Enquirer: 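Mind having a look at this structure? Questions to follow.
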Amino acid sequence: MTAAAPSVASLVQSVDWLAIAPPTIAAVVGLVVLVADLFLGERRKALLGWVSVAGLAAAALALLPLLDGDRSTFCLKTLKGEQAACSYTADHFTLVIQFLVLAGALLTALLSITGIKDAKNTPRALPEGEFWFLLLSSAAGAALLPASRDLATLVVALEVASLPAFALVGIKRDDRRSSEAALKFFLSSVTATAVTLLGVSFVYATTGTLHLTRIATALTQVDGQFHTLAQAGVALTLVGFAFKTAAAPFHFWVPDTYVGAPLPIAAYLSVIGKAVGFSGIILVTVVAFPSYADVWGPALAALAALTMTVGNVAALRQQATRAYSAVRLLAWSSVGQAGYLLVPIAAAAYSKDADKAIGSTVAYALMYAAVNLGAFAVAALVARTKPLNRISDYRGLYRSRPLAALVLGFFLLCLAGLPPGIIGLFAKVTVFSAAVDAGLGWLAVVMAVNVVIALYYYLQWTATLFRSTEGEQAVQRIPAPLTAAIGLTAVIGVALSGAPQMVLRFASTGLF
């Protein structure tokens with residue numbers, strides 16, 4: 001018994017509650033909202049939205065005590081009491097992605113308060129308690145994923161972020177489009193997850209471990225007869241995360257899902273969904289599979305080229321008078337942007353400084369999150385009076401709502417990478433430089449061509465905002481939560497454009 005005691009003690013995992021506070025707060029507030037919904041009358045259920053906003057703000061503020069240094073928890077220990085491997089690590093990469101996720105969820109919550117209020121007392125009213133519980137649960141899973149350092153926790157976090165999202169997409173009652181979008185999203189995601197789990201099982205069979213750092217070590221010593229199995233495991237593990245990023249050919253669910261979902265949820269999927277997918281891809285490639293860069297490097301480079309081309313060409317073909325064409329254009333634009341985000345990750349396979357390449361992706365993601373959420377916020381504003389949300393509905397927006405038109409124009413120019421959206425230009429420069437420095441000149445050329453293609457539809461939409469219209473347009477008062485969402489994203493975008501060197505500095509900072 002005495003001899004076995006140290007071995008048993010080594011299996012006891014300590015819990016650092018401060019390290020896990022951000023996702024834990026979001027999850028706990030979600031449960032509080034769900035229970036409170038049972039006891040609140042219809043008139044007071046609006047409080048649930050503000051409780052959710054406060055919970056997400058508290059979760060984001062919980063990141064501040066973690067800035068001092070890396071913290072790890074749920075760790076296995078050796079017989080000598082030293083940490084051997086950890087399942088949760090709050091390093092710089094984790095904190096940046098968690099900030100992106102929680103801030104994005106907070107802005108989504110602000111948009112949702114207005115959307116839920118507008119739908120109240122209509123046949124398509126949204127169930128408030130369930131809505132806020134699902135949003136907070138998804139945000140908790142999304143915040144957990146970047147901190148995950150073993151494949152089991154990664155997959156669980158991916159599903160915790162995804163399953164509530166399926167329900168949110170289909171939460172509109174008696175709406176065939178919403179139900180169809182949720183079903184398509186669910187079935188395709190389940191298939192991708194099944195393929196990912198198959199890949200995880202191959203990796204585990206090859207290495208005998210699920211911890212990312214241990215996998216990285218074990219893959220350098222794979223027996224020759226298991227080499228093909230390991231390669232297949234590496235490739236298949238990426239599939240589920242590629243689906244979440246909407247990388248082609250796993251992108252087909254995007255346009256219909258964005259159109260069928262409530263507009264704030266479409267904004268949530270376009271930003272937080274991508275953050276989940278990209279953080280997962282970064283962790284499994286750079287941390288777990290660096291020795292198999294010859295497998296995932298060319299695969300991600302091909303995915304990047306295909307994704308940006310498919311997204312931008314499809315966005316180019318959107319007709320301004322088609323119903324929901326504005327949302328569809330933003331959906332296809334998000335697919336194209338996913339291709340740009342994949343470029344530095346692919347470059348990490350060929351680069352001597354993988355951290356710098358990853359920094360370029362994260363820097364671009366921060367820019368994209370702010371301006372894309374802002375574009376969806378203005379789209380939500382227009383949808384209050386023109387629910388079909390066609391691009392032609394934005395004609396003359398400057399005349400009726402000059403500030404909203406200027407802000408949307410600024411967001412579109414940021415996405416295009418043109419002044420005064422300097423932050424978009426600098427973010428694209430970091431992605432270009434990552435590809436060129438890694439010797440992927442052909443990928444940089446493909447990206448340059450796609451940037452030119454994207455200029456056309458971004459500038460066309462921007463020009464529409466300032467064209468004259470006949471007659472006067474009705475102007476409604478903008479609700480405070482919607483104003484706050486638009487204002488926050490505008491302030492962030494303008495501030496970043498005023499100091500674009502921050503993106504270059506961020507891209508050169510090691511995150512791991």
Side-chain angles (χ1 to χ4, degrees), residues 97 101 104-105 108 130-131 133-146 148 151-172 175-201 233 235-262 264-284 299-300 303 306-307 310-311 327-328 330-332 334-335 337-339 341-342:
I97 300 299
V101 165
T108 301
E130 293 91 331
F131 181 93
F133 169 71
L134 292 169
L135 180 62
L136 288 163
S137 298
S138 180
L144 170 62
L145 193 139
S148 304
L151 290 178
T153 309
L154 269 175
V155 173
V156 170
L158 180 65
E159 290 308 296
V160 172
S162 300
L163 290 174
F166 305 149
L168 286 169
V169 170
I171 203 168
K172 292 182 184 177
D175 189 324
R176 184 183 60 81
R177 188 181 294 105
S178 178
S179 301
E180 181 183 340
L183 183 61
K184 182 180 293 187
F185 186 24
F186 173 73
L187 292 177
S188 52
S189 180
V190 166
T191 303
T193 301
V195 174
T196 297
L197 288 172
L198 180 63
V200 169
S201 67
L236 293 176
T237 301
L238 295 175
V239 171
F241 300 106
F243 171 87
K244 291 300 295 182
T245 62
F250 310 105
H251 69 288
F252 50 84
W253 57 274
V254 172
D256 289 342
T257 298
Y258 282 26
V259 169
I265 301 306
Y268 178 85
L269 292 175
S270 74
V271 173
I272 284 73
K274 280 185 173 49
V276 168
F278 281 107
S279 55
I281 289 177
I282 290 170
L283 289 173
V284 296
L300 291 182
L303 279 178
L306 180 62
T307 301
V310 168
V327 180
R328 287 186 177 275
L330 286 173
W332 285 114
S334 74
V335 175
Q337 298 288 338
L341 286 161
L342 280 171

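Not measured: the values here are computed from a predicted model.
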Enquirer: NZ of Lys172 to CZ of Arg177: how many Å apart, nearest 0.5 Å?
Expert: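 Atom-to-atom, Lys172:NZ and Arg177:CZ are 7.5 Å apart.
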
Enquirer: With a 4.5 Å limit on heavy-atom distance, are the side chains of Phe131 and Ile171 in contact?
Expert: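 They are in contact (side-chain heavy atoms under 4.5 Å apart), so the answer is yes.
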
Enquirer: Where do Val239 and Phe250 land on the side chain to side chain contact (heavy atoms under 4.5 Å, CB included) test, with the steps shown first?
Expert: CA-CA 8 Å; Val239 171; Phe250 310 105; 3.9 Å; yes

Enquirer: Report yes or no: does Ser179 contribute a side-chain atom to a donor-acceptor pair with the main-chain N or O of Arg176 at less than 3.5 Å?
Expert: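 No, because the side chain of Ser179 does not come within donor-acceptor range (under 3.5 Å) of the backbone of Arg176.
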
Enquirer: Identify the heavy atoms of Ala105 and Leu135 that sit nearest to each other, and give their distance.
Expert: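 Here Ala105 and Leu135 meet closest at O-CD2, 4.5 Å.
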
Enquirer: Which pair of heavy atoms, one from Leu145 and one from Gly280, lies closest together, and at what distance?
Expert: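 The answer is CD2-N, 3.5 Å.
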
Enquirer: Please identify each residue that fulfils side chain to side chain donor-acceptor pair (under 3.5 Å) with Ser178, with sequence neighbours left out.
Expert: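 Partners of Ser178 by the side chain to side chain donor-acceptor pair (under 3.5 Å) criterion come out as none, since no residue qualifies.
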
Enquirer: Mind checking whether Leu158 and Leu154 have side chains closer than 4.5 Å, heavy atoms only?
Expert: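 The answer is no, as the side chains (C-beta and beyond) never meet within the 4.5 Å cut-off.
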
Enquirer: Taking the side chain as every heavy atom from C-beta outward, state whether Leu269 and Phe185 have any atom pair closer than 4.5 Å.
Expert: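 Answer yes - side chains close enough.
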
Enquirer: Let me confirm one number: the CZ-CG distance from Phe243 to Leu238, rounded to the nearest 0.5 Å.
Expert: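 That separation rounds to 15.5 Å.
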
Enquirer: Are the side chains of Thr196 and Leu236 in contact, using a 4.5 Å heavy-atom criterion?
Expert: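 No; the side chains remain at least 4.5 Å from each other.
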
Enquirer: Grab the two heavy atoms, one from Ala161 and one from Val276, that are nearest each other, plus how far apart they are.
Expert: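 Of all heavy-atom pairs spanning Ala161 and Val276, the closest is CB-CG2, 4.3 Å.
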
Enquirer: Can you tell me how far apart CZ (Phe241) and CD1 (Ile282) are? Round to the nearest 0.5 Å.
Expert: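 The distance works out to 11.5 Å.
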
Enquirer: Of the non-hydrogen atoms in Glu159 and Pro164, which two are nearest, and what is the gap between them?
Expert: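 Heavy atoms of Glu159 and Pro164 come nearest at O-CD, 4.1 Å.
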
Enquirer: Looking only at heavy atoms, which two atoms of Asp256 and Ala181 are closest? And how far apart?
Expert: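 For Asp256 and Ala181, the tightest heavy-atom pair comes out as O-CB, 3.4 Å.
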
Enquirer: Going by heavy atoms in the side chains, are Glu130 and Leu168 under 4.5 Å from each other?
Expert: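 Result no, sub-4.5 Å side-chain heavy-atom pair not found.
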
Enquirer: Could you walk me through whether Leu151 and Val284 pass the side chain to side chain contact (heavy atoms under 4.5 Å, CB included) test, one step at a time?
Expert: CA-CA 8 Å; Leu151 290 178; Val284 296; 4.0 Å; yes

Enquirer: Looking at every non-hydrogen atom in both residues, tell me the closest pair between Thr307 and Ala248 and how far apart they are.
Expert: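 Looks like OG1-N, 2.9 Å.
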
Enquirer: Only pairs at least two apart or in different chains count here, so list each side chain to side chain donor-acceptor pair (under 3.5 Å) that has a residue in residues 264-273.
Expert: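 Residue pairs with at least one partner in residues 264-273: Ser138-Tyr268, Ser270-Asn372.
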
Enquirer: Give me each pair satisfying side chain to side chain donor-acceptor pair (under 3.5 Å) with a member in residues 243-254, each pair once, sequence neighbours excluded.
Expert: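 Residue pairs passing side chain to side chain donor-acceptor pair (under 3.5 Å), neighbours aside: Ser162-Lys244.
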
Enquirer: Step by step, would you call Val310 with Trp332 a side chain to side chain contact (heavy atoms under 4.5 Å, CB included)?
Expert: CA-CA 8 Å; Val310 168; Trp332 285 114; 4.2 Å; yes

Enquirer: Measure the OH-OG distance between Tyr258 and Ser334 for me, rounded to the nearest 0.5 Å.
Expert: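 Result: 3.5 Å between the selected atoms.
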
Enquirer: Apply side chain to side chain contact (heavy atoms under 4.5 Å, CB included) to Ile281 and Leu300, showing your working.
Expert: CA-CA 10 Å; Ile281 289 177; Leu300 291 182; 4.1 Å; yes

